[in-house]
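Below is one structure, written out as structure tokens, with a few remarks after it.
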Amino acid sequence: MPMDKITAVKGIKDILPSETPGWQKVETTARAIFERFGFHEIRVPIMEKTALFQRSIGEATDIVEKEMYTFRDRDEELLTLRPEATACVIRAYVEHNLASAEPVTKLFTIGPMFRRERPQKGRYRQFHQIDVEVFGDDTPASDAEVIFMLMHFLDVAGVENLSLEINSLGCKDCRPGFSRAVVAYLGQFQDGLCPDCQRRLTTNPLRVFDCKVEACGRIISDAPRILDHLCPECLDHFDRVKGFLDDLNLEYAVNSNMVRGLDYYTKTAFEVKSGKLGAQNSLAGGGRYDGLVALLGGPDVAGVGFGIGMERLLTCLPDTEENVGKTDIFVAALGTRALKFAFKLTGLLRRSGFTAATDYSGKSLKSQMKRADKMQSAFTLIIGDSEMDSGRAVLRNMKTKNQQDLLLESLPEALINILKSEVIL
RNA sequence: GUGGGUGUAGCUCAGCUGGUCAGAGUGCCGGGUUGUGGCCCCGGAGGUCGAGGGUUCGAACCCCUUCACUCACCCCA
């Protein structure tokens, strides 16, 4: 009787061989483009002390309240699987004093994040992000540069039909005032709000802005707007960011209802959406977080960054036929002596840099030819015990069907020469 | 955490109002060529119809329970 299958954890998926080429391609272009903008890769652990996220993301956020994978280590210390990367990167940045090495530090990291939410399209409990952070630059130009890099990357990666939305969330000076104004306004219409929003009124009033309930939407449309409450500095910053985006000919929409979920964002916030994604239509989001580094015990330097959801990005890519790794040559062996010969020859060809395959199962030639065909082999070398005796093997060009005899004694050299000239074409 | 949808062969799915309903396509293996692939033809392996219980002479189909997956809400990448 079969044992029960042990399955993967809910919301956590395997990335199968048929999918890895897409992932690798995205990662490779990210690395190439980010380096071009002066960013360097940092790799940080996926586990951190729980306090790091409590302090950075905010105690009252959903992530910290109910979505983190937190457990007690054997020595009683509370650890958490990272729900996002920014806090981790800042921790490393502070811990290793990266600030003192250069005035502006540009970093990126790629890897898995963990959030215990109910899975749905574009949302998983383990998901992967490409995460970018700039420390030590508080200028509007750096906001715009980061946004430009994001859009350029998505473009090169091949994502189509994107929309960029930006907003300003104000700073510690102007946001509290705005927040009070919103609460006061919404208080008047409390009974008209959906139950969720009534709850948000006390927990996180700004979140009412991106409620999708129609009734709430009408109320919100006349609510105070953050952009009217910005302090002179924030307003100026926002205007200049927009100016730089215009200079780069980037299209964007100002969405004054956009609120970011994490507590630490200040000033510029942005989001990239795609219609291909279903309900979870945001494939990248980010913003400025001046003050966060200091909050985590580092120097008081500014920060901007963004995260890209890899799974979401990949579903936005047009379907490309995965070209499975092609095989340069398949060695079809028949008979014991030939098999031994094929084993050595295949090893030698691989050592010379070719993709060589063979089959040790002793199947019929027909069946081996089928395998060679499946592998899209450019050539097949046929060698049986009769060839071993005659001292010649048969090389078949799978596309042209041309066959030629090759002397066994000079076989490796002859094959390498043929493969070198043919395979490159 | 809350709601809807779906669970039949490795994969994609048919299966009418309970009565040859255990199927198709594809993939896999083999044969048609004693040692030559793709196309075509033929054959084969593979499923306790998600699991458990109930109704019935009889259940893939009806009822209950449960699990899984999925979409949506919440929230976010």
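All chains are named by letter (A, B, ...) in the order of the sequence lines, taking the proteins before the strands, and each is independently numbered beginning at 1.
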**OP:** Could you list the residues that satisfy side chain to side chain donor-acceptor pair (under 3.5 Å) with Arg225(A), not counting sequence neighbours?
**Re:** Ser256(A)

Subject >> Closest-nucleotide 5' rank along RNA chain B - winner of Asn281(A) and Lys363(A) >> reply: Lys363(A)

Subject >> Leu81(A) CG to Met47(A) CE distance, which is reported to the nearest 0.5 Å >> reply: 6.5 Å

Original post:
Is any side-chain N or O of Lys374(A) closer than 4.0 Å to OP1 or OP2 of C28(B)?
Top reply: yes

**OP:** Could you check how far CZ of Arg125(A) sits from C1' of C69(B), rounded to whole Å?
**Re:** 13 Å

Original post:
Please give, in whole Å, the distance from U2(B) C1' to Glu117(A) CD?
Top reply: 15 Å

Original post:
Which one, A77(B), G38(B), U70(B), comes nearest to the side chain of Arg312(A)?
Top reply: A77(B)

Subject >> Between P of G37(B) and CZ of Arg396(A), the distance in whole Å >> reply: 7 Å

Original post:
Starting at CD of Glu271(A) and ending at P of C75(B), how long is that distance when rounded to a whole Å?
Top reply: 13 Å

**OP:** Kindly indicate whether the side chain of Arg115(A) and the base of A77(B) share any N or O donor-acceptor pair separated by less than 3.5 Å?
**Re:** yes

**OP:** For residues Phe153(A) and Phe34(A), establish whether the separation of their ring centroids is below 6.0 Å.
**Re:** yes

Original post:
Gln129(A) near the nucleic acid: base, sugar-phosphate alone, or nothing, with a heavy-atom cut-off under 4.0 Å?
Top reply: sugar-phosphate

Subject >> Presence of Ser367(A) side-chain N/O under 4.0 Å of G30(B) phosphate oxygens OP1/OP2 >> reply: yes

**OP:** Would you kindly check whether a donor in the side chain of Gln368(A) faces an acceptor in the base of U36(B), or vice versa, at under 3.5 angstrom?
**Re:** no

Original post:
Does Gln120(A) have a side-chain nitrogen or oxygen under 4.0 Å from the phosphate oxygens OP1 or OP2 of C75(B)?
Top reply: no

Original post:
Any Lys/Arg nitrogen of Asp389(A) or Arg337(A) sitting under 4.0 Å from an Asp/Glu carboxylate oxygen of the other?
Top reply: yes

**OP:** Take atom CZ of Phe127(A) and atom P of C76(B), then tell me their distance rounded to the nearest Å.
**Re:** 12 Å

**OP:** Mind calculating the distance between CZ (Arg371(A)) and P (G30(B)) to the nearest angstrom?
**Re:** 10 Å

**OP:** Report the distance from atom NZ of Lys66(A) to atom C1' of C76(B), rounded to the nearest whole Å.
**Re:** 12 Å

**OP:** Would you check if Phe135(A) and Leu98(A) make a side-chain contact, meaning some heavy-atom pair closer than 4.5 Å?
**Re:** no

Original post:
When the distance from CD1 of Ile308(A) to P of A77(B) is rounded to whole Å, what number comes out?
Top reply: 12 Å

Original post:
Counting only side-chain N and O atoms of Lys121(A), is one of them less than 4.0 Å from OP1 or OP2 of A72(B)?
Top reply: no

Subject >> base_contact_polar (G38(B) base, Lys401(A) side chain, donor-acceptor, <3.5 Å) >> reply: yes

Original post:
Using a cut-off of 4.0 Å on non-hydrogen atoms, how would the nucleic acid contact of Glu387(A) be classed: base, sugar-phosphate, or nothing?
Top reply: base

Subject >> hbond_proxy Arg116(A) side chain to C75(B) base (donor-acceptor, 3.5 Å cutoff) >> reply: no

Subject >> Side-chain heavy atoms of Pro112(A) within contact of Arg82(A), under 4.5 Å >> reply: yes

Subject >> Sequence-distant partners of Lys399(A), side chain to side chain contact (heavy atoms under 4.5 Å, CB included), two or more places apart >> reply: Asn397(A)

Original post:
Counting only distance, no hydrogens or angles, is the base of G37(B) paired donor-acceptor with the side chain of Lys399(A) under 3.5 Å?
Top reply: no

**OP:** Give the stems involving RNA chain B, where a stem is 3 or more consecutive Watson-Crick or G-U wobble pairs (i with j, i+1 with j-1, and so on) under 3.5 Å.
**Re:** B:1-7 with B:67-73, B:10-13 with B:23-26, B:28-32 with B:40-44, B:50-54 with B:62-66

**OP:** Using a 4.0 Å heavy-atom cut-off across all strands, classify Phe114(A) as base, sugar-phosphate, or nothing.
**Re:** nothing

